[in-house]
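When a ligand or atom number is given, it counts from 1 through the structure's own listing order. Remember, predicted model here, so these are calculated numbers, not experimental data.
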Amino acid sequence: MELIDGNKIAATIVAELKEEIAALTVRKPCIALIRVGEDPASVSYVKKKEKTAADIGVTSRILLPPITITQGELFALIDGLNADPAVDGILVQSPLPKHIDEVAVFRRVAPEKDVDGFNTINLGKVAQEDDTGFVACTPAGIMELLARSGVDLKGRHVVVLGRSLIVGKPVALLALQKKAGANATVSICHSATANLPELTRQADVLIAAIGRAEFVTADMVKPGAVVIDVGINRVPDATKKTGYRLTGDVHFPSVAPQCSHITPVPGGVGPMTVAMLMKNTLKAYRLGGGR
Ligand code: NDP
């Protein structure tokens, strides 16, 4: 069994980006990070993004509107950033409060600054295999992890657990693309899928993104499969200072011994998401001609 070290692979990508950014002489890329309210997970994700940006020479602009912000006010904030030539990328941290239509917000971000890749245009470009768009960071990170671990999906059966717009659907589309490293046969499962274990047992590559702690157990995995665990779940644990431990959607202790490759949680897909966000920000900067 080979452990796919997301921290190490992400660090390599971040170092590559840092070198590229150091060579930029006119202006450094700039990302605007919008976090609405004080959701603890969002606070920590935005901090991590801000820190990585600073480490590699990307300027970040942090906007922290209160949870009471209206959709109209949030649109106005985004419109201002869309029109600002000093801003290359815009990220609106999910989840947003219930009174705001998240998809409408994703649509509001200008496609050429949509470094999170959730705008309709960019999701469409993934379907059309048009490389001028932005691929959502977690799915892009999964593909990069597989490529850099020597896993070629060609002709293999990829089973994706979860059909969210953020992970499941885009990663399924990426695995399906007619491109080097992809070309998989893809099945997508969700909460209404019948005989789920029967399908997961057919997977050469299993990508779990359902948000259910340790849902995937050894009996659901084919021996020799590659397992990518996207889930980040907080499980109460009195022995931890925080009162919880982080775990994935896969029961790692039982599944890992029978895999050919597996990602741990934490330290697997998570760090890749931030690295790919920085990669997209540099791409936005370059596509904008350094604006
Ligand atoms: P969502 O809640 O948006 O989607 C979950 C998906 O899983 C849905 O399609 C749902 O089905 C499906 N599902 C839920 N329960 C079951 C079940 N028992 N059997 C089969 N399918 C099920 O989650 P996300 O895609 O946003 O996130 C998934 C996980 O990945 C979470 O733990 C999240 O924290 C993590 N994550 C990690 C990231 C990282 O950087 N590592 C980034 C983003 C997410 P249905 O559509 O029918 O409701």
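For the residues Gly268, Gly168, Gly211, the heavy atom positioned nearest atom 29 (C) of ligand 1 is part of Gly211. With distances taken over non-hydrogen atoms, the option nearest atom 16 (C) of ligand 1 out of Gly248, Gly162, Ser164, Ser191 is Ser191. Relative to atom 15 (N) of ligand 1, the option among Arg212, His190, Lys169, Arg234 with the closest non-hydrogen atom is Arg212.
Across every non-hydrogen atom of Lys283 and Asp131, the tightest pair is NZ-O, 2.7 Å. Nearest approach of Ser94 to Ser42, heavy atoms of both residues: O-OG, 3.8 Å.
The nearest heavy-atom contact from the protein to atom 30 (O) of ligand 1 is Val230 O, 3.5 Å. In this structure, the protein non-hydrogen atom closest to atom 33 (C) of ligand 1 is Ile232 N, 4.1 Å. When only non-hydrogen protein atoms are considered, atom 19 (N) of ligand 1 lies nearest to Phe215 CZ, 3.8 Å. Here the protein heavy atom with the shortest distance to atom 12 (C) of ligand 1 is Ile210 CG2, 3.7 Å. Nearest protein heavy-atom neighbour of atom 9 (O) of ligand 1: Arg163 N, 2.8 Å. The protein heavy-atom contact nearest to atom 43 (C) of ligand 1 is Val167 CG2, 3.8 Å.
Using 4.0 Å as the threshold, Leu161 has no heavy atom nearer than that to any atom of ligand 1. Residue contacts with ligand 1 include Thr138, since one or more of its heavy atoms lies under 4.0 Å from the ligand. Residue contacts with ligand 1: Gly270 is included, with a non-hydrogen atom under 4.0 Å away. The closest approach between Ala209 and ligand 1 falls below 4.0 Å for a heavy atom of the residue.
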### Task
Check the pair Glu20, Arg286 against salt bridge (Lys or Arg N to Asp or Glu O under 4.0 Å), reporting the backbone distance first and the verdict last.
CA-CA 11 Å; Glu20 273 190 64; Arg286 291 204 191 281; 2.9 Å; yes

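By the 4.0 Å N-to-carboxylate-O rule, Arg245 lies close enough to Glu214 to be salt-bridged with it. Using a 4.0 Å cut-off between charged side-chain N and carboxylate O, Lys222 and Asp204 make a salt bridge.
Every atom of ligand 1 with a heavy atom of Asn233 under 4.0 Å away is listed here by number and element: 32 (O).
Listed for the Glu198 side chain is no donor-acceptor partner under 3.5 Å among the backbone atoms of Asn195. When atom types are taken as modelled, the side chain of Asn122 and the backbone of Phe134 share a donor-acceptor pair closer than 3.5 angstrom.
At a heavy-atom cutoff of 4.0 Å, ligand 1 is contacted by the side chain of Thr273 but not by its backbone. Looking at Met272 against ligand 1, nothing comes within 4.0 Å, counting heavy atoms.
Under the 4.0 Å distance rule, the nearest protein heavy atom to atom 47 (O) of ligand 1 falls inside the cut-off.
Side-chain N/O atoms of Ser60 and Lys49 include no donor and acceptor closer than 3.5 Å.
Scanning for side-chain hydrogen bond (donor to acceptor under 3.5 Å, both in side chains) contacts around Gln202 gives an empty result, with sequence neighbours left out.
Here the rule is side chain to side chain contact (heavy atoms under 4.5 Å, CB included) with Pro139, and of Leu174, Val160, Leu173 only Leu174 fits it.
More than 12 heavy atoms of other residues, nucleotides or ligands sit less than 6.0 Å from atom CD of Glu16.
In terms of polar-atom proximity, defined here as any N/O pair under 3.5 Å, Asp249 makes no such contact with ligand 1.
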